[in-house]
Novice: 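So that we are looking at the same thing, I have put the structure below in structure tokens.
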Amino acid sequence: MRVIGIDPGKTIGVCLYDGNKVIDAVEGKGSTALLTVRDFVSDWVNTDKAEAIAIEWPRIYSKAGNEVADTCIQTGML
């Protein structure tokens, strides 16, 4: 099964897996992070390369700041 794994945060990482094998991956940083990974994820979904999407659950810790809130927003936008 081919799965897109998304690791949201200040740096967004996405990876296309087939079982336990990595087929493709990309990392987005800074203000263009979401745009960078959006194109890869769109391509993987639109060309039937992916069958499912898994998103890491963002956790808010006591010392969390705006970065955690941004992570939640980015996850929702994806």
Side-chain angles (χ1 to χ4, degrees):
M1 177 179 210
R2 292 174 307 251
V3 177
I4 296 172
I6 301 173
D7 180 9
K10 188 174 183 179
T11 299
I12 301 174
V14 294
C15 194
L16 180 61
Y17 298 95
D18 188 357
N20 61 355
K21 180 181 176 186
V22 174
I23 298 172
D24 200 0
V26 67
E27 182 180 85
K29 294 181 181 181
S31 60
T32 61
L34 188 59
L35 298 175
T36 301
V37 300
R38 178 195 64 184
D39 295 335
F40 277 84
V41 172
S42 295
D43 178 57
W44 295 339
V45 171
N46 291 332
T47 58
D48 293 327
K49 292 181 182 176
E51 299 169 76
I53 298 174
I55 302 173
E56 179 184 15
W57 185 262
R59 294 184 177 93
I60 299 175
Y61 298 102
S62 60
K63 294 183 181 181
N66 288 337
E67 290 179 10
V68 173
D70 290 342
T71 297
C72 294
I73 292 168
Q74 291 169 2
T75 302
M77 291 175 68
L78 286 173

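Quick caveat: nothing in here was measured; it's all calculated off a predicted structure.
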Novice: Could you tell me the separation between the CD atom of E51 and the CZ atom of R2, rounded to the nearest 0.5 Å?
Specialist: 4.5 Å
Novice: Check whether any side-chain heavy atom of V41 lies under 4.5 Å from a side-chain heavy atom of I4, and answer yes or no.
Specialist: yes
Novice: Taking the side chain from E27 and the backbone from G13, do they hold a donor-acceptor pair closer than 3.5 Å?
Specialist: no
Novice: How long is the span from the SG atom in C15 to the CD1 atom in I6, to the nearest 0.5 Å?
Specialist: 11.0 Å
Novice: Find out if a path of hydrophobic residues (ILVMFWY) with successive side-chain heavy-atom gaps under 4.5 Å connects Y17 to I55.
Specialist: no
Novice: Between I53 and V3, does the side chain to side chain contact (heavy atoms under 4.5 Å, CB included) criterion hold? Intermediate values first, please.
Specialist: CA-CA 6 Å; I53 298 174; V3 177; over 6 Å; no
Novice: Listed by chain and number, what are the salt bridge (Lys or Arg N to Asp or Glu O under 4.0 Å) partners of D43, not counting sequence neighbours?
Specialist: K49
Novice: Measure across A33 and I12 and return the closest heavy-atom pair with its distance rounded to 0.1 Å.
Specialist: CB-CD1, 4.0 Å
Novice: Give a yes or no on whether V26 and V45 share a hydrophobic cluster (residues Ile, Leu, Val, Met, Phe, Trp, Tyr; joining criterion: side-chain heavy atoms under 4.5 Å apart).
Specialist: yes
Novice: With a 4.5 Å cut-off on side-chain heavy atoms, are W44 and V14 touching?
Specialist: yes
